[in-house]
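Just so it is clear, the model here is predicted, and its values are computed rather than measured.
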Amino acid sequence: MATILRKIAQQLLSRTTFSNVAMDRARDAVVDTIGCMIAGRRDESVAALTRAFDGEIAGGGGARLVTGGSASPSLAALVNATAAHALDFDDNFHPARAHASAVLVPALLAVLTPGKVTSGRRFLKAYLAGPEAQAAVGFGVNPSHYNKGWHATATVGSIGAAAGVARLLGASEEVTAAAMSLATSFACGPKGQFGTTAKPLHAGIAARNAVDAARMALVGLSGRPDILERPQGFRDLFGGDDAGGWEGLTFAEEHIIESRGVVTKRHPCCASTHRAIDALQDLKQEHGLLAADIARIETKVGISAARNLTYPDPTDEMQARFSMQYCLATAFLKGCLSLSDFTGQAIGRAEIREFMPFIEMHSYSADEEKGVERLPHVVTVTMRDGRIYRKSRLHAKGSLEAPMSDHEGEIKFMDCLRWGNRNAYGDSLQKLRKLADFENLSGDNAFWNLISDGC
């Protein structure tokens, strides 16, 4: 009987053609992630990494850095993926409960070899292997893996990204399974680190692990092919009481990015706040709500979301991204959230601090959540005159069910360029959106000049 990793590897290698929808969504996810990488490249978490590994970066290497210059593939994956996740603006992928692209895209970019031709289409096909593998791995250990406190971006995300890197490097089925098995041994990342610079580092570590695992597998290193399902394996150790297991694992003809999609973030903060933000914005628009007329705002969210948002009174910008009170108050008073709302100075604004105490957060009970993949987040606004308004959102803006418009996507990308101190030219986005047409990403300076300095 084939092991789970072999089944996943067989599926990835047997899927040789992709629909236009799948390719377009892969392209959009890659472009969005590049924007997030550019925005995050000057974050303190990235600056600290470049200081820590200054000698190795100065020494150069074959892989390019979003900060400029080059390094080894491992180090480039670490730095670039940390940048992609630094501002929590990168996409979410619900089937894995992970930030799919912040790990996968930098890992794939890191193994582009200057002497080897890699077309844009081949790159996108390798990208598509990643979420399919992530979804399959996540299927077996969630929801309890994530709910227990594992940051699935750093665990499930790394295993799936290793498959994507292996696909880009032309690995066989056996080697692809070996890469995922090795990545399982690297799995790490507690959600207790949310609100600190260790959180974006999780994405960097996961990308580095994916690159290392695939490269090791290609030269003969391997682990057990049944490491996901065997005793003392991944599910046994990381799954928990509500882990799904893989008995019902199937692969549809339609790619997972077509049926589920990734959630492109509209707001640069923890996704656990997004549905509440969108619901409150809906109420504000529908009823013309004014802050002075509001007595109380209550939010009801999932248990894992409430555990993620542990900073009701944030003291820095990292904590603010994981504060329902700060994010909701800022979005309501400003009408939107942008990267400029997450600075040390911005989080101390008096009008926002005065409004935050009116916001409360509660979670569903374990009984309410049991057996349900997803419950809506609910916002209830009580007015001073006694009127009550309520709105629920099952899907955040940017999801497949509530997609962002092209204009909203462009606004986000321009915000990322400006925040990364890059010239915010609209043609940068248009050039990147032609990713599939690039004949050789590894040797095309025009492509790399859109991403990093000093190329």
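- Under the 4.0 Å criterion applied to side-chain N and carboxylate O atoms, E132 and R15 are assigned as salt-bridge partners.
- Checking N80 against R64 by side-chain atom types alone, no donor-acceptor pair falls below 3.5 Å.
- At a threshold of 4.0 Å, the pair D24-R27 counts as salt-bridged, since one of the basic side-chain nitrogens sits closer than that to a carboxylate oxygen.
- With respect to K265 and D90, no salt bridge is recorded, no charged nitrogen being found less than 4.0 Å from a carboxylate O.
- Atom CG in L65 sits 10.5 Å away from atom CG in L49 (nearest 0.5 Å).
- Using a 3.5 Å distance cut-off with no hydrogens or angles, the side chains of T153 and H151 do pair a donor with an acceptor.
- Note that K412 lies in the cation-pi zone of F89, set by a 6.0 Å cut-off to the ring centre and a 45° limit from the axis.
- Judged purely by atom type and a 3.5 angstrom limit, S365 uses its side chain to pair as donor or acceptor with the backbone of E368.
- Between W150 and F238, the ring planes lie tilted relative to each other; the angle falls in the 30° to 60° range.
- Although no hydrogens or angles enter the test, the distance criterion places no donor-acceptor pair under 3.5 Å between the side chain of R393 and the main chain of H377.
- Without hydrogens or angle criteria, R122 side chain to L168 main chain gives a donor-acceptor distance under 3.5 Å.
- Remark: L112 CG to L169 CG distance equals 9.0 Å, nearest 0.5 Å.
- Within a 6.0 Å sphere centred on CZ of R121, heavy atoms belonging to other residues, nucleotides or ligands number 12 at most.
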Verdict with reasoning, R275 to H395, per side-chain hydrogen bond (donor to acceptor under 3.5 Å, both in side chains): CA-CA 6 Å; R275 286 184 278 165; H395 303 287; over 6 Å; no
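- Side-chain contact check for S74 and S72: no donor-acceptor pair (N or O, by modelled atom type) lies under 3.5 Å.
- With F234 as reference, I159 is the one residue of L5, I4, D226, I159 to meet the side chain to side chain contact (heavy atoms under 4.5 Å, CB included) rule.
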Taking it one step at a time, do I359 and Q325 satisfy side-chain contact (heavy atoms from CB on, under 4.5 Å)? CA-CA 6 Å; I359 299 169; Q325 290 76 9; 4.2 Å; yes
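- Proximity of a side-chain donor or acceptor of K300 to a complementary backbone N or O of V379 within less than 3.5 Å is not detected.
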Please report the C-alpha distance between S19 and E258 in whole Å, then the side-chain angles of each, then the deciding distance to 0.1 Å, and finally whether the side-chain hydrogen bond (donor to acceptor under 3.5 Å, both in side chains) criterion is met. CA-CA 9 Å; S19 70; E258 297 177 77; 3.0 Å; yes
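- No side-chain donor-acceptor contact under 3.5 Å links S119 to the backbone of E439.
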Steps toward side-chain contact (heavy atoms from CB on, under 4.5 Å) verdict (K284, L280): CA-CA 6 Å; K284 180 180 180 181; L280 183 59; 5.6 Å; no
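- Using modelled atom types, one finds no donor on one side chain facing an acceptor on the other under 3.5 Å when comparing Y311 with D316.
- Taken to the nearest 0.5 Å, the CZ atom of R97 stands 12.0 Å off from the OG1 atom of T155.
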Please lay out, stage by stage, how M23 and L128 fare under the test side-chain contact (heavy atoms from CB on, under 4.5 Å). CA-CA 8 Å; M23 292 292 283; L128 286 166; 4.0 Å; yes
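- Contact check on K199 versus D88 returns a salt bridge, with a Lys/Arg side-chain nitrogen under 4.0 Å from an Asp/Glu carboxylate oxygen.
- Ion pair D242/K370 flagged as a salt bridge, since at least one NZ, NE, NH1 or NH2 atom sits closer than 4.0 Å to an Asp/Glu carboxylate oxygen.
- Here the side chain of R433 pairs no donor or acceptor atom with the backbone of D28 at under 3.5 angstrom.
- Using a 4.0 Å cut-off between charged nitrogen and carboxylate oxygen, E373 and R260 count as a salt-bridge pair.
- S14 places a side-chain N or O within 3.5 Å of a backbone atom of Q10 that can act as its donor or acceptor partner.
- The ring of H99 has its center closer than 6.0 angstrom to the ring center of H85.
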Dump the intermediate steps for salt bridge (charged side-chain N to carboxylate O under 4.0 Å, His left out) on D341 and K334, then the final yes or no. CA-CA 10 Å; D341 291 309; K334 280 194 59 193; 2.9 Å; yes
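- In this structure, K397 pairs ionically with E408, as a charged nitrogen and a carboxylate oxygen lie closer than 4.0 Å.
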Start with the C-alpha distance between R390 and T380, add both sets of side-chain angles, then the distance that settles side-chain hydrogen bond (donor to acceptor under 3.5 Å, both in side chains), and finish with yes or no. CA-CA 4 Å; R390 183 173 289 107; T380 303; 3.1 Å; yes
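- In this structure, the side chain of S101 does not engage the main chain of D91 through any donor-acceptor pair within 3.5 Å.
- Side-chain contact, S442 with N440: a donor N or O sits under 3.5 Å from an acceptor N or O.
- Looking only at atom types and distance, the side chain of N92 has no donor-acceptor partner in the side chain of H274 under 3.5 Å away.
- With a 6.0 Å cutoff to the six-membered ring centre and a 45° limit on the axis angle, K125 does not count as a cation-pi contact of F18.
- Around CD of E401, the count of heavy atoms belonging to other residues, nucleotides or ligands within 6.0 Å exceeds 12.
- Using a 30° and 60° split on the angle between ring planes, Y326 and F342 fall in the perpendicular class, above 60°.
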Evaluate W246 against F139 for ring-ring contact (aromatic ring centres under 6.0 Å, His included), listing each step before the verdict. CA-CA 7 Å; W246 288 278; F139 181 83; 8.1 Å; no
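- Closest non-hydrogen pair, A161 versus Q134, comes out as N-NE2, 4.1 Å.
- Of all non-hydrogen atoms in L182 and A213, the two that sit nearest each other are CD1-O, 3.7 Å.
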Would C269 and I277 count as a side-chain contact (heavy atoms from CB on, under 4.5 Å) here? Give the steps. CA-CA 11 Å; C269 50; I277 293 169; 4.1 Å; yes
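- Counting heavy-atom neighbours within 6.0 Å of D406 CG, excluding the residue itself, gives a total of 12 or less.
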